[in-house]
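Numbered from 1 within each chain, the chains take letters A, B, ... in sequence-line order. Computation of the quantities below employed the complete heavy-atom set of this structure, encompassing side-chain atoms and omitting hydrogens, waters and symmetry-equivalent molecules.
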Amino acid sequence: MTTDSHFLDQLNPVQKQAAITTEGPVMIIAGAGSGKTRVLTFRIAHLIEKGVDPFNVLALTFTNKAAREMKSRIGRLIGDSKARSLWMGTFHSVFAKILRFEAEKLGYPSNFTIYDTDDSKSVIKEVLKQLNLDEKVYKPSLVLNRISSAKNNLISYKQYQNNTTIQAEDRNSQKPLMGFVYEAYAKRCFKAGAMDFDDLLFNTNILMRDFPDVLIKYQDKFRYILVDEYQDTNFSQYVIVKQLAARFENICEVGDDAQSIYAFRGANIQNILNFKKDYPDVKTFKLEENYRSTQSIVQVANAVIANNKDQFEKNVFTRNEEGEKIKVIKANTDNEEGAKVANLIFETKLREQAFNKQFAILYRTNAQSRALEEALRKLNISYRIYGGISFYQRKEIKDLLAYFRLCINHNDDESLKRIINYPARGIGATTMDKLDLAAAEHGISIFTVCENLKDFNLGINGGTANKINDFVTLIKNFGLQLAVKDAFELGNTIAINSGILKDLYADKTPEGVSRYENIQELLNGLKDFVLQNRTPQEEELKSSIISTMEVQKDDLFATEPTTELRTLDEFMQEITLMTDVDKEEENETDFDKVSLMTIHAAKGLEFPYVFIVGLEENLFPSQLSINSRADLEEERRLFYVALTRAEKRATLTYATTRYRFGNIVYAEPSRFLDELDDKYVEYPEIPSSSFSNSAFDKLKGRSFGNKNEEPQFKSNFKPKVAGKKPLLNVNATKSNSFNQNMDADTIKNLREGNMVEHAQFGKGKIEFIEGEFPNLKATVDFEIGGKRQLLLKYAKLKVLPT
DNA sequence: AGCCCCGGTGAAGTC
DNA sequence: CACCGGGGCT
């Protein structure tokens with residue numbers, strides 16, 4: 001496509017109108033797969049082509065990855081340099097960037113730290129200790145949720161304490177002092193020069209409320225505003241957008257109420273309704289034609305979502321072919337479910353010449369990934385997991401990052417506590433308690449106490465005091481290098497001089513080696529970072545500040561704005577708000593992988609073949625949702641999102657038993673399975689082992705694509721909705737399936753020649769049994785694992801009929 | 001100060 | 001089953 005072609009002609013009439021109606025408020029209701037990204041991309045390209053300066057365009061996306069992808073697509077239409085100048089990113093990253101330059105107005109340093117959830121929880125724990133509250137009553141995660149939701153509704157701690165409704169709620173939940181916890185938490189963060197995720201939005205609101213000139217500056221700057229995934233914005237975000245757009249009202253909101261899946265963290269579908277109230281002359285466009293999926297998939301998804309009461313009328317349709325029916329597959333255990341999914345992928349790859357990367361396995365909770373991973377590994381199918389513990393959550397990475405953070409912001413108490421005695425330098429718990437107490441009493445940071453140790457009579461002995469001084473010197477010394485060294489050089493210096501590298505190098509266990517490698521990988525990341533150019537937004541902010549304000553002597557201006565030096569604090573700003581999905585698969589040589597992720601993480605993505613697993617009551621829909629209609633409807637929207645990820649084939653699976661908390665629980669098929677339109681559904685039987693009667697044999701000697709080779713379909717699925725049983729704990733001793741130890745009788749009856757199956761090693765034949773009960777030992781020849789000796793009382797074997 | 005072992009407890013989803 | 005915090009031992 002060339003720059004001067006009429007790219008707009010590729011759009012259908014509604015899409016085109018949505019793209020070219022650039023002035024005034026616009027609402028685009030975009031059904032799943034309706035080409036939303038395309039419309040947004042073309043709309044922005046069109047704006048720029050019309051002569052709008054890209055610096056005046058703000059596009060808020062749901063992930064940074066989405067922003068990056070959209071930028072590059074726009075770049076292809078109108079040129080990269082213009083596209084690069086667009087302001088695009090998540091709410092959090094865009095406003096974090098702006099806050100860097102305005103923070104001092106709010107009393108924060110411009111190099112404020114962003115606390116992640118772990119940091120926040122740890123602050124809350126300290127606060128609870130300080131207030132003498134019981135962690136079992138005031139559970140840190142609950143407290144954090146409560147504070148978070150207050151902030152997302154723009155309720156300050158003072159308002160919180162004065163709000164009678166809230167106070168009544170807290171008294172009812174036996175947590176009357178919650179308001180004081182909120183206050184102490186907020187004060188601690190402020191003192192540490194730190195903002196949590198919610199503060200980034202909350203403080204942006206404060207900034208715009210209390211500094212009209214700043215508001216005007218940004219209103220004037222962002223003349224065209226686009227918000228993607230509007231259905232997932234919360235009140236705080238809604239107000240920011242409303243304020244920014246107040247002057248020009250060139251605001252375009254894109255969303256789909258049917259895909260709202262973040263109410264749990266304060267997202268509010270009402271924002272869409274408010275939009276109509278705020279801008280009565282809003283022009284609405286409905287994108288209803290689905291270009292992504294087959295008839296079957298669209299129809300089934302529509303049938304499912306029709307069960308929700310809260311929704312806009314909308315008629316999503318497709319002119320694509322009818323396609324295959326949706327497949328529903330039953331398994332007896334979670335492991336069998338994994339095996340069946342893996343087999344189907346294996347088979348489909350052979351039969352349809354498909355690639356790994358065309359498959360996605362979606363689940364409700366991260367914990368479900370284990371069984372799936374094992375099954376995929378068994379068949380040598382390479383996969384990638386999104387979410388779960390991300391790279392930046394690993395202990396060793398967090399340790400090193402804590403050094404970085406502390407160097408940038410000495411008041412970051414959380415980081416200080418993490419590393420003051422790591423690697424061990426003889427500053428123990430007793431000393432820490434004293435420092436902590438002094439800091440709290442004087443309302444200053446721990447580092448400040450350390451710097452001025454002799455001013456506080458803490459009864460710390462001379463030796464320890466020296467160690468503290470050494471630490472202070474070390475950190476200050478690193479801090480001084482921020483302005484003169486690039487991120488990679490300084491990162492390296494810190495990794496070495498802190499002693500981290502040495503400490504990890506000394507650990508020769510496999511975990512230790514892996515930790516060392518992770519640090520190296522982070523340093524590689526730093527290297528990459530310093531080789532990239534600064535984004536135009538960063539340049540812009542730097543120069544705009546310099547031209548509008550007198551030069552100050554703080555860190556921001558210590559270096560020439562034009563310098564190419566990419567510093568460590570810039571690196572930290574960039575990575576702090578990165579999510580796992582945002583991370584490029586940089587160093588991966590093998591891109592062809594099956595994707596495993598939660599449905600939440602799959603939002604916005606599409607795959608030819610989609611597996612939705614764990615369709616069981618109390619799992620999907622989640623146990624926590626089934627008592628409220630609103631929550632249940634959100635689960636259903638989540639299911640809708642999952643289904644509409646599929647282009648060609650959607651396969652749904654459920655297991656009748658599943659491991660949870662280490663023991664087997666029975667599960668019933670999800671109520672959502674009853675809501676499928678039967679006309680488009682079938683129930684094939686799938687073998688769970690690929691090495692005997694399945695994939696290999698079936699494919700052997702048969703031509704690909706022969707309809708007769710389809711497994712025979714049988715409707716074995718008789719869901720019942722009435723009288724759902726609660727989760728049941730099962731006494732597992734007598735049952736004989738893998739992943740549990742065999743009972744005594746089973747062990748005694750085992751004979752040489754018996755066939756067994758192991759979750760990891762597959763099927764095998766017992767060649768030899770030695771020893772005496774209960775210490776019988778068997779030599780088993782496994783199909784996958786080869787010959788192994790197993791102590792039978794520990795072996796988790798399933799005995800197969802001979 | 002640091003390590004290890006024990007027992008209690010707990011998994012929804014994310015910037 | 002897996003993690004965390006507390007207590008006790010070296």
Counting the atoms with a prime plus P, OP1 and OP2 as sugar-phosphate, which does [X] contact under 4.0 Å by heavy atoms, base, sugar-phosphate, or nothing?
X      : result
A/Y262 : sugar-phosphate
A/D198 : nothing
A/I427 : sugar-phosphate
A/Q368 : nothing
A/T117 : base
A/K603 : nothing

OP1 or OP2 of [N] less than 4.0 angstrom from a side-chain nitrogen or oxygen of [X], does that happen here?
X      : N      : answer
A/K125 : C/dG5  : yes
A/S622 : B/dG13 : no
A/N366 : B/dA11 : no
A/N152 : B/dC15 : no

Query raised in the report: Taking the same atom, C1', in C/dC4 and in B/dG13, what whole-Å distance lies between them?
Result: 23 Å

Interatomic distance where [atom1] belongs to [X] and [atom2] belongs to [N] [whole Å]:
X      : N      : atom1 : atom2 : result
A/K129 : C/dG6  : NZ    : P     : 8 Å
A/E135 : B/dG8  : CD    : P     : 18 Å
A/I147 : B/dC15 : CD1   : C1'   : 17 Å
A/D631 : B/dG13 : CG    : P     : 15 Å
A/D199 : B/dC15 : CG    : C1'   : 13 Å
A/N145 : B/dA12 : CG    : P     : 11 Å
A/L596 : B/dG13 : CG    : P     : 14 Å
A/L142 : B/dA12 : CG    : C1'   : 13 Å

**Report entry** Quiz item: cation-pi between A/R100 and A/F112, 6.0 Å / 45°
**Finding:** yes

Query raised in the report: Centres of the A/Y262 and A/F62 rings: under 6.0 Å?
Result: yes

Query raised in the report: Can you check whether A/L619's main-chain N or O pairs, donor with acceptor, with A/S622's side chain at less than 3.5 Å?
Result: no

Query raised in the report: Any donor and acceptor pair, going by atom type alone, linking the side chain of A/N461 with main-chain N or O of A/T464 inside 3.5 Å?
Result: yes

Requested in this report: Decide, applying a 5.5 Å centre-distance limit and a 30° plane-angle limit (both strict), whether A/F661 stacks on B/dG10.
Outcome: no

Counting only side-chain heavy atoms from C-beta out, which of [options] sits nearest to [X]?
X      : options                : answer
A/T430 : B/dG13, B/dC15, B/dA1  : B/dA1
A/K139 : B/dC15, B/dG10, B/dG13 : B/dG10
A/R265 : B/dG13, B/dC15, B/dG2  : B/dC15
A/E635 : B/dA12, B/dT14, B/dG2  : B/dA12
A/A601 : B/dA11, B/dG2, B/dT14  : B/dT14

Requested in this report: Could you check A/Y363, A/F672, A/Y654 and say which one makes a ring pair (Phe, Tyr, Trp, His ring centres under 6.0 Å) with A/F620?
Outcome: A/F672

Query raised in the report: Taking the nucleotide of DNA chain B with the closest heavy atom to each, which residue, A/E634 or A/K136, is nearer the 5' end?
Result: A/K136

Report task. Tell me which of A/A429 and A/S625 sits closer to the 5' end of DNA chain B, going by the nucleotide each one is nearest to. Result -> A/A429

**Report entry** Salt-bridge contact A/D199-A/K151 (side-chain N to carboxylate O under 4.0 Å)
**Finding:** yes

Query raised in the report: Below 4.5 Å, heavy atoms only, C-beta onward: do A/V227 and A/T233 meet side chain to side chain?
Result: yes

